[in-house]
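Input: a single structure, listed below in structure tokens.
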Amino acid sequence: MTLILDKVTKTFGSYKAVDDMSITMNNGVYGLLGVNGAGKTTLMRLLSTIMKPTGGSITYKGRDIFKMGAEYRGLIGYLPQEFGYYPDLKVRDYLMYIASIKGLPAPIAKRRISTTLRLVGMEREASRKMKTLSGGMKRRIGIAQAVLNDPEFLILDEPTAGLDPKETIRFRNLIGRLAENRIVLLSTHIVADIEAVASQVFLMNKGKILVQGSAAELCGSVKKSAWICRLPEHEAGRAAQRFQVISMHKEGSEAVLRVLSEEIPVPGAIQANTTLEDVFLYYFGEEAGEYAEL
Amino acid sequence: MLNYELKKLFAKRINVIFLVLLLAAAVIFNLLAAKSVLYFDSHGAEDQSLKAVRMLTEEKNKWKGPLTQETLAKAASEQQRLYKRYGDQIPDEAYVKVLQPASDILEMLKYIGQGDADSFSSQKVSPEKAADFYKLRREKLSGAAREYGKTPAQQAFLKEQYGKTVTPFYYEGADSWKIRTDYAERYGMVIALLIGILASGIFAGEFRLQADSVFFSSRYGRTKAARTKIWAGIVMAAVLYWGLMLVYSLMGFIIMGTGGSSVPIQVEWSESVYAITFGQEYMLTLLCGFTASLLSAALTMLISAGRHASGIAICVPFFLFCVAPFIARALGAELFENLMPQRLFYVENIIRTPVLFQAGDMVFRQIPALLILYLAVSLLCLPLIYRAYHRYIMK
Ligand SMILES: Nc1ncnc2c1ncn2[C@@H]1O[C@H](COP(=O)(O)OP(=O)(O)O)[C@@H](O)[C@H]1O
Ligand SMILES: [Mg+2]
């Protein structure tokens, strides 16, 4: 039992952004999946000691992380959702500065920076000024700074936000490589980000964890099945009102719908394997609708 | 860590622009200084070239050496001869030849002639009296000590200080140092204001750039890195101030020369309670300017660390050095006014007026009082900056 949150609460005024949350994390990749406003960023700020919980405790290997202070911070790497950097510094100088405040001695820092830059595919950009980098490149430097100290606990808040599809794929591969011998907690509102890499998924909503488990376990937790239905276009609207629609597209004059239902929704519908995307939609329903189209 | 903190500071283009402007100001102040001297060439025409200071110094150096009784009597008699011959209509050539070179000495002699109906003319001292200059000066000064000293301790203190000047005075043309000091005060104020602006960014930067999360979640963000920021502020202030003043001084040495540094300021300011030379006065001016720069850096760091922004912090040095003096004057609080931080930029002014402070039996002059006060304030700010910054928790 390495990282334990026990009844952690964070309130803003009367609003509970994190609500009586108790979770346990060991080595492995944890996906924190939730719509905007679910409280993911707040949770990660608590875990990075930038914010203090209103109630409850967070312990790492049995010790309170706020009491551990610098020792705990030396063990973590954190990529905030709003990743601020020093625009006028060159990439290498930026990383050297971060390495220094992370307590890496200069010679070790230099070596770590080379390997980390290679890891994120930015070795050729080392002498460029931070402000000249593209959004995706900045994110990659953000990840680089987070892993610079080889953290035992890596906290990544929406690391794929603003990445193009190619960069997103690249990023997912990177997480796979980083996953060994540490806890990686990665938040997202995009199911595909974590589907392949996360060994555990937390579904978070309104400050609470709704369900948690492996992707397979989560799929099993859904009472409904996914169905592919082919309907004439004019009937699609009516079906959408009766069933929870995951996706819909047109094929000629027909509409192809993917819906969740306990029983066969319309004659001729074909049962499909339940995916994490289905689970997400099942739990978040309407709220998640806007993302399902992405 | 420190070098990257400084790199962060000077990687910002605006800060580099400030630096270039400060260097330009060093040039401008030197040019203004060189042109501020009043020098008449052998034809009686005002010379406004950059060489004027050197020429004037050379003229005055006709009197170079110790101002013995004989020398003083000679200067006074040359003056007397001219006035006897021409009255108040002294021709330009005679002025340039006789009065301009001796002007400092003749000015100095006026001190013993003041209020003396007997003398050749109320302001013009006779050769006989001039020969007695040091004796008469001592008498006048002991009167001054009684007048300016508000308590016996202060009177004793003044007497002691007045006794410290070495006579006969050593003399040579010292205009380059006087002018240099004058403009170093103004330049010092400009530097201190800009140092405040630069320093305010050190603690506000992370918040402005939203880099605070990474900073405060790092191992040393709340300890060593925060202390390093304070160091960066001090090092920046010290390097910038002394570096720029070095440039300013060297440029001045080249344009105006360096002659006259060991002339006691009592040649110009008879009642000064500081037994120092013009060269030392310049160093004192620089030291006071540096103290002001430190104060400026410390205060802006404190305020920006507490507020997580630099906006108000930037205004503080400006308020202290430029606005507060007017308020103090309006309030009419003399002690307050005499200890205002902007006084650090008026060493030349302070040096000629015998303002004293007393605590118990201890008597302080204004410059040590200002230096100690503002060095202490700056130092006291440092732990406060750390406290205001390192415990940051996002709300
Ligand atoms: N500093 C704050 N002050 C007040 N409310 C906040 C603050 N930070 C977050 N919130 C609120 O808490 C809720 C959760 O926000 P956040 O943790 O950012 O969610 P997520 O990262 O999942 O989108 C939101 O309703 C947000 O408005
Ligand atoms: Mg968020």
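In what follows, chains are A, B, ... by sequence order, proteins preceding strands, each numbered from 1. Note that the structure is predicted; figures quoted are calculated from it, not measured. Side chains are part of it too, since the values below use all heavy atoms of this structure and drop only hydrogens, waters and symmetry mates.
Sparse packing is recorded around CD1 of B/I312, with 12 or fewer heavy atoms of other residues, nucleotides or ligands lying under 6.0 Å away. Under a cut-off of 6.0 angstrom, the local environment of CZ in B/F318 is sparse, with at most 12 non-hydrogen atoms contributed by other residues, nucleotides or ligands.
For a residue to count as touching a neighbouring chain, one of its non-hydrogen atoms must lie under 4.5 Å from one of that chain's; by this rule A/I50 touches chain B with backbone and side chain alike. The part of A/I98 that comes within reach of chain B is its side chain, from C-beta onward, which places non-hydrogen atoms under 4.5 angstrom from that chain.
By the ring-ring contact (aromatic ring centres under 6.0 Å, His included) test, B/F253 is found to be paired with B/W177, residues two or more places apart in sequence or in another chain being considered.
Applying the side chain to side chain donor-acceptor pair (under 3.5 Å) test to every pair with at least one member in residues 243-253 of chain B, sequence neighbours left out, gives these pairs: B/S249-B/Y282.
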Could you pull out every donor-acceptor pair under 3.5 Å between side chains of residues 186-199 of chain B and any protein atom, sequence neighbours left out?
| from | atom 1 | to | atom 2 | distance (Å) |
| --- | --- | --- | --- | --- |
| B/R186 | NH2 | B/D182 | OD1 | 3.3 |
| B/R186 | NH2 | B/D182 | OD2 | 3.3 |
| B/Y187 | OH | B/L22 | O | 2.7 |

Show me the donor-acceptor pairs under 3.5 Å between chain B and chain A.
| from | atom 1 | to | atom 2 | distance (Å) |
| --- | --- | --- | --- | --- |
| B/E5 | OE1 | A/Y97 | OH | 2.6 |
| B/K7 | NZ | A/D93 | OD1 | 3.4 |
| B/K7 | NZ | A/D93 | OD2 | 3.4 |
| B/K8 | NZ | A/Y97 | OH | 2.9 |
| B/E206 | OE2 | A/Y86 | OH | 2.4 |
| B/Q210 | O | A/G84 | N | 3.2 |
| B/S218 | OG | A/I101 | O | 3.4 |
| B/Y220 | N | A/I101 | O | 2.8 |
| B/R222 | NH2 | A/T49 | O | 3.3 |
| B/M394 | N | A/I50 | O | 2.8 |

